[in-house]
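Written out below as structure tokens is the structure these notes cover.
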Protein chains: 2
Amino acid sequence: MSLKHAILVMLDQKPHSGYDLLQQFKESVGYFWNAKHQQIYRQLKILHDEELIAFQSEIQSGKPDKKIYAITQQGKDELLRWLKEPVATNKINDALLVKIYGADSAPIEDIASEIERHIEIHQNTLNYLLALEKKYLSLSSNEQLNFRYPYLTLRRGILGEEAWLRWAEEATQLFKK
Amino acid sequence: MSLKHAILVMLDQKPHSGYDLLQQFKESVGYFWNAKHQQIYRQLKILHDEELIAFQSEIQSGKPDKKIYAITQQGKDELLRWLKEPVATNKINDALLVKIYGADSAPIEDIASEIERHIEIHQNTLNYLLALEKKYLSLSSNEQLNFRYPYLTLRRGILGEEAWLRWAEEATQLFKK
DNA sequence: ATTTACATGTAACCTGTTACATGATTTT
DNA sequence: AAAATCATGTAACAGGTTACATGTAAAT
């Protein structure tokens with residue numbers, strides 16, 4: 001379980017509403033963490049019940065009140081406990097590779113066009129991550145120091161996407177013949 | 001959902017028992033698909049109820065009967081339908097990166113040793129995959145042709161692990177200072 | 001006029017993990 | 001003597017997805 005800790009990490013940096021967290025997961029850290037809004041709101045409720053987070057309502061007109069969540073001392077304790085504990089390596093379940101493994105049983109044009117579709121998506125992701133990197137590299141060295149750990153995770157995203165695209169070249173080679 | 005299709009792909013190549021499938025997932029295709037035995041046995045039961053697979057019992061002494069599952073025509077139809085259908089790109093939830101993102105809140109020695117531990121695991125995985133590749137490359141060109149799609153997935157595993165380890169070098173650099 | 005963004009939630013369902021259960025054979 | 005391998009399963013729980021629900025304001 002770790003959506004719990006992903007949220008605690010985000011709230012440890014600064015307070016966020018559920019909606020904010022959703023945007024973070026979609027826009028800035030989606031290359032290493034994903035969650036749907038239903039999952040986030042449910043988890044926030046649980047964390048609140050456990051008193052690891054607290055919230056203040058921000059009244060808005062025409063919209064539901066915005067609940068701004070902040071981490072509590074108990075939350076910080078739990079986060080530190082988790083940070084010190086070993087974490088299992090990432091488990092991969094990749095449906096595209098299942099398809100390719102079974103490609104003998106399908107028309108290869110279908111598989112080939114599927115790969116092309118995925119290449120486009122991965123290329124877009126890479127471009128987006130490279131733009132984030134450019135933004136980081138334009139910061140002052142002091143600010144760069146502040147964001148060095150998030151930047152390291154961004155590097156993982158970039159190197160991961162680059163490797164994926166290099167593999168895709170091998171794949172298209174094979175499907176061309 | 002796709003354990004269903006991962007199993008169908010495996011059974012489409014040749015019949016397997018639940019235990020066999022578990023070994024496959026652990027040993028040969030674990031770099032793209034993972035499942036626990038409980039999940040596999042449950043899924044096999046469901047697939048059997050849906051008549052996508054059938055089994056024959058192999059009587060053994062001192063052990064439970066081995067159920068050898070094979071794909072049915074209906075199963076092949078379902079597999080083909082799925083193979084032709086687009087698949088969503090892989091969603092990543094990586095707890096190690098969550099930790100690094102929040103590394104400001106933890107003793108860096110803990111994070112650094114955690115990364116070292118992961119490097120060892122990834123290096124072992126890479127070595128294992130390279131050994132599998134060596135085996136493939138020693139096959140006759142005819143046999144290589146037969147296994148070209150599984151080999152392509154293996155290449156994905158290798159390129160993925162290599163990229164991970166290159167990233168880990170950047171990470172250790174940062175944690176050394 | 002329609003879609004997207006904002007903002008939160010409930011309910012049902014599906015997928016994956018952990019704990020428990022059995023019992024012979026082989027390896028360390 | 002203890003642990004790992006073979007071989008299958010049940011039950012409870014945790015995590016994640018899909019469908020449904022509401023309603024304003026801004027952008028296309």
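Protein chains get the first letters and strands the later ones, always in sequence-line order, with residue 1 at the start of each. Every value quoted in this text rests on a predicted model; they were computed, and no experiment measured them. Atom set for the values below is all heavy atoms of this structure, side chains included, hydrogens, waters and symmetry mates excluded.
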- Message: Taking the minimum atom-to-atom distance to the side chain of Gln38(B), which one of dT8(D), dG9(D), dT8(C) wins?
- Response: dG9(D)

- Between dT8(C), dG16(C), dT8(D), which nucleotide gets closest to the side-chain atoms of Asn93(A)? dG16(C)

- Query: Are Arg117(B) and Glu114(B) ion-paired here, with the side-chain N under 4.0 Å from a carboxylate O?
  - Reply: yes

- Query: Between atom CG in Leu22(A) and atom P in dT4(C), what is the gap in whole Å?
  - Reply: 16 Å

- May I have the distance from Asp65(A) (atom CG) to dT24(D) (atom P), rounded to whole angstrom? 15 Å

- Can you find a side-chain donor-acceptor pair between Gln123(A) and Asn127(A) that sits under 3.5 Å? yes

- Query: Does Lys67(B) place a side-chain N or O at less than 4.0 Å from the phosphate oxygens OP1/OP2 of dG9(D)?
  - Reply: yes

- Query: Between Glu78(A) and Arg81(A), does at least one N-O distance fall below 4.0 Å, as a salt bridge requires?
  - Reply: yes

- Return the value, rounded to whole Å, for the distance between atom NZ of Lys26(B) and atom P of dA4(D). 12 Å

- How is Gln43(A) classified with respect to the nucleic acid when contacts are heavy atoms under 4.0 Å: base, sugar-phosphate, or nothing? nothing

- Message: Assess, by modelled atom type and distance only, whether the side chains of Asn124(B) and Glu120(B) contain a donor and an acceptor separated by less than 3.5 Å.
- Response: no

- Query: Once you round it to whole Å, what is the distance between P of dA11(D) and CZ of Arg42(B)?
  - Reply: 12 Å

- Message: Rounded to whole Å, please give me the gap between CG in Asp49(B) and P in dC14(C).
- Response: 14 Å

- Note on the structure: Asn34(B) atom CG is separated from dT18(C) atom P, nearest whole Å, by 13 Å

- Query: Thinking salt bridges, do Glu170(B) and Arg156(A) make one under a 4.0 Å N-O criterion?
  - Reply: no

- State whether Gln39(B) places a side-chain N or O below 4.0 Å from either non-bridging phosphate oxygen (OP1 or OP2) of dT15(C). no

- Task: Indicate, with a heavy-atom threshold strictly under 4.0 Å, whether Ser2(A) touches base, sugar-phosphate, or nothing.
- Result: nothing

- Message: Using heavy-atom distances to pick each residue's nearest nucleotide on DNA chain C, tell me which of Tyr69(A) and Gln23(A) is more 5'.
- Response: Gln23(A)

- Within less than 4.0 Å of OP1 or OP2 of dT8(D), is there a side-chain N or O belonging to Tyr41(B)? yes

- Task: Output yes when at least one side-chain N/O atom of Lys36(B) is less than 4.0 Å from OP1 or OP2 of dG16(C), else no.
- Result: no

- Starting at NE2 of His37(A) and ending at P of dA7(C), how long is that distance when rounded to a whole Å? 14 Å

- How do Lys45(B) and Lys91(B) order along DNA chain D: which one's closest nucleotide is nearer the 5' end? Lys45(B)

- Taken to the nearest whole Å, NZ/Lys66(B) to C1'/dA24(C) is 15 Å

